[in-house]
Each structure stands twice: as C-alpha cells, then as structure tokens.
There are 2 protein chains.
Amino acid sequence: MVGDMHSRSPAVRSGRPRSAEADAAILAATREALVELGWSKLTLGDVATRAGVAKTTLYRRWAGKNELVVDAVAELFDALELPDCGSLAADIEGVVLQFAAILALPEARSGLMAVVAEATRDEALRERIRASVVDRQKRLVLEGRARAQARGELPAEEDPESAARTVDLIFDMVAGAVVHRTLVSAEPADEEWVRSFTRVLLQGLGS
Amino acid sequence: MVGDMHSRSPAVRSGRPRSAEADAAILAATREALVELGWSKLTLGDVATRAGVAKTTLYRRWAGKNELVVDAVAELFDALELPDCGSLAADIEGVVLQFAAILALPEARSGLMAVVAEATRDEALRERIRASVVDRQKRLVLEGRARAQARGELPAEEDPESAARTVDLIFDMVAGAVVHRTLVSAEPADEEWVRSFTRVLLQGLGS
DNA sequence: GGCTTTCGCTACGAGTCGTAGCGTAATGCC
DNA sequence: GGCATTACGCTACGACTCGTAGCGAAAGCC
C-alpha cells in the first residue's frame, strides 16, 4: 500500500526485497513522534531510532518529512466507511462522527494540517494528499448522495457537470466544518454538535 | 497593536523606545519570506536580514517563529468588514468573498494553516490565534446575525446559550467551508461557488 | 549630564540535515 | 551452489539553523 508509490511495477525486481515490517514500524513510529513532539519538532533521525531502523533506510523510501507524515496519517483514514442508517440525515451523522473521531486523535491533528500547509507550495505533495486522504473521504459523499437519491430524499441531477460541482461543494462544507470545529475552534465535534450541523445542512438556516 | 502583547502597560517605561518601523518591517519581511519560502523553510535569520534588523532584535520581541507568523498573518485580516448589502444572502456572499480573497494570498495560505497545526500542541499559541484572527472573523457572524434578525430574515433566539452555540456552528460552517475549498481542494472560492454555498447554507440541501 | 532600554554586531555550542562509503544480509536467476 | 542485484545497518561528514551571550553605541526620559 505504501511501496506502490515508489515502484509502480514490482514485477521484475531482483535483489533483496524491502522489509514490510520496517514500513509498518516506521509509520507507527512517525505517528508516535507526532503525538509526543508535534510536526515541527519531529526529526527523521528520531523516527528511525523509534522504529529500530537506520536513518538511511528512511531516506531510501521517502523523499522527506512531508511525504512520510502524509503516509503515516493516511493510514488513520482507512477505517472510514459509510454506514447505512436508513436515512440521509442518519448517514451523514454517522460518517461525520467517524471523521470527527479520527480528527480527535493527536497524531491526526498535528500532522494533517501541517502537511496541508506545506502542500500549498508543493504540487506533488498536494496530489499525494489528494490521492491517499481526500479522495477516500470524497467517495463517501458520492455514495451517500447516490443512496439518498435512490431513497428519493434528494432530487436526481440530470447535468453531470453540475452534479460534480454539488458534490465538491457538499464535501468542502462537511469536511471543512468538522476540521474547523476540531482544529481551529478546538471544540469537540460531539453528537449534539453533529445533530445541529446535519439539521442546518439539510434544512438551512431559515427554518 | 503588536507591542501591546509584550508590555501590557507601556506607562512608565523609561529608556530608548522600540522602533515601530522595525515592527512593520519585520512583519512585512515575514510575509515576504512566507511567499518565497513557505513556513517550514522560513528562518528567523533570513527574516531579520530582509527587514534590515539584527537577528537579536527579533528574539527580543517574539518568542519564536510561530508567534511571529501569527502576528504577520493577523494583519491581513484587518481589512475584513461586514458590508450591508440589504439581505442576509447578499451579506454572507460579500463577507465570504472578502475572506476568500485573503485566503487566496500565498502568505496567508502557507502561514495560517501551519500555525494552526502548531497550535494543536500549544495552548498559548492557540489563544493568540483566537484573539488576533478568529475572534475578528466571528464578530462578523454575530453582526450579520443581528442584522438579519432585525430584518426578520432569521428567528430571534430567546435562549442566549443556544444562540451562542448556533453562532459557533455557523462560524465553523462558513469559515471551514472556505478554508477547505481554498487550501485542501485547492480550488478558488469564486462568485459562482459562493452563490451555491450561500444557497445551501440558507435553504439546505433538500430544496 | 545621568539613567535606562534598545539596537547592531560578532561569536558560540548544540542540534539537525541529507549524503556518501562500506561491509553484510536476503532475494532471484542460472 | 554460485552470482548479480538490491536492501540494510552503521559511521562519518560538511553545511546549515538554532537560540543565547557579550559588547559598545544610540535614543529616549528625568
């Protein structure tokens, strides 16, 4: 899942293979260091020591701190799934609570925003984040939307381009609100907050 | 506006006063370095050189890179004002466009998210961001809400505690959506997007 | 003129960076 | 089994940044 980034075709690759245990140990050590030190004080030498590998091994697999942290944080989002709770409102509440639970982890809080900040000046890093983190979230919006349309809770868009814009908008609204609540306002996105949010999202302010 | 952070009462302070020009030059140099280098590669020595001051002068006024960047970025939000456009929808669109314009600046993009990430592990820094950046934005939500209630566009809350929660929710939804659109999705929050966003915020998804 | 604080400058030890070199370990191919 | 190939651990290195200390000079208040 990680090595694929570096060797697209692991087909004819002679020689000693890379240790998968080392990959897992490095990513776990990175998350541990993120919790204890935060992004700015995290050093690759320290991560190597924690993981029990040589510093040079780290540099052979990742270009730098940013790429390593992206991969380490991306694994946290593997657990994201869209529950089928019977209604659009319940589905939204379920997935938002999952998302909020991940963002409540200190390794996600300090790591995610830092790499997003770095990505403003690094196109390749932005693409890496998109592929391994953002797209996985956006897929949930697409599925939830399709489900709600099948239930008749949402009108079916005929124009596919307009539909894509709507999905992007909803995604930014949902993810943005949870991130802002958790990281900027520094308040928990608990069940009560999620209920209020879902109500506004579905019915608007003027109700 | 900046020195106040360090000396609450500038009353009886004899000796040579601190140069206000130096403050302005340092903050401007910080923004310039943010544009050219980004947050991670920005060094205080480089900022001092750009500003034409000694490195020691920087350390006398700011505790570190984080505090400096917060002050430098905070000045960008001075221009934020709530225009009276006649309707709640128009007011929201106006202020969101202003906010989006600031976030489109490279010095804001690379600086703001980085210090927010650092603030996850630094309570004092979080408070500094809240006081100099976030509260200035939240005030606009309060004003816009009061105006809309005076116009009869929004129902008047009787419970003040519930009203405060609603304001916090709206603030996270508005600011979060714009930030996510601009920094994570890396797409411009242009007029078309703002119109769609305002429509969903006011009327909900199911319309 | 005296007192106080700031300023610019230089220098310093400590820490991190990313890389190179070397000998060893683990695989695929013949 | 032998050989080529790649990964690994280890050490060492120059370059850079950090934050601080010490100094003499400058700029204000009494």
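Order of the sequence lines fixes the chain letters, A, B, ..., with proteins taken first and strands second; residue numbering starts at 1 for each chain.
- In this structure, B:Arg16 does not reach the D:dA26 phosphate: none of its side-chain N or O atoms is under 4.0 Å from OP1 or OP2.
- In this structure, A:Arg60 places its CZ atom 14 Å from C1' of C:dA26, rounding to the nearest Å.
- Here the P atom of nucleotide D:dA7 and the CD atom of A:Glu21 are 16 Å apart, to the nearest Å.
- Within the structure, every side-chain polar atom (N or O) of A:Thr56 is placed at least 4.0 Å from both OP1 and OP2 of C:dG18.
- Rounded to an integer number of Å, the gap from CG of A:Leu68 to C1' of C:dT16 is 16 Å.
- For residues 33-47 of chain A, proximity to DNA chain C is found at A:Thr43, A:Leu44, A:Gly45, defined as any non-hydrogen atom under 4.0 angstrom from a strand atom.
- Mapping B:Gly15 and B:Ser19 onto DNA chain C via the closest heavy atom, the residue that lands nearer the 5' end is B:Gly15.
- Note on ring orientation: taking the six-membered ring where Trp is involved, the planes of A:His180 and B:Phe171 are perpendicular (angle over 60°, cut-offs 30° and 60°).
- Nearest nucleotide to the side chain of B:Arg18, out of D:dC10, C:dG8, C:dC7: C:dC7.
- Side-chain atoms of B:Lys55 come within donor-acceptor range of the base of D:dG19, with a qualifying N/O pair under 3.5 Å.
- Taking atom CH2 of A:Trp62 as the reference point, atom C1' of D:dA7 lies 14 Å away to the nearest angstrom.
- Between the CG atom of A:Leu58 and the P atom of D:dA7 there is a distance of 15 Å, given to the nearest Å.
- Separating the OH atom of B:Tyr59 from the P atom of C:dC7 is a distance of 16 Å, rounded to the nearest angstrom.
- Contact detail for A:Val194 and A:Ala189: the closest heavy-atom pair is CG2-O, 3.8 Å.
- B:Thr57 places a side-chain heavy atom less than 4.5 Å from the side chain of B:Arg60.
- Within 6.0 Å of atom CD in A:Glu81, 12 or fewer heavy atoms from other residues, nucleotides or ligands are found, so the atom counts as exposed in its surroundings.
- Note on B:Asp46 versus B:Arg50: salt bridge recorded, some NZ/NE/NH1/NH2 to OD/OE distance being below 4.0 Å.
- Taking every side-chain heavy atom of B:Pro17 into account, D:dG28 is the closest of D:dG28, C:dA26, C:dC7.
- Side-chain atoms of B:Glu118 and A:Ser110, non-hydrogen and from C-beta on, never get closer than 4.5 Å to each other.
- Side-chain atoms of B:Glu187 and B:Ser185 form no donor-acceptor pair, as typed in the model, at a separation below 3.5 Å.
- When rounded to the nearest whole Å, the span between NZ of A:Lys65 and C1' of D:dT17 equals 13 Å.
- Residue A:Ser14 has no polar side-chain atom (N or O) positioned under 4.0 Å from OP1 or OP2 of C:dC29.
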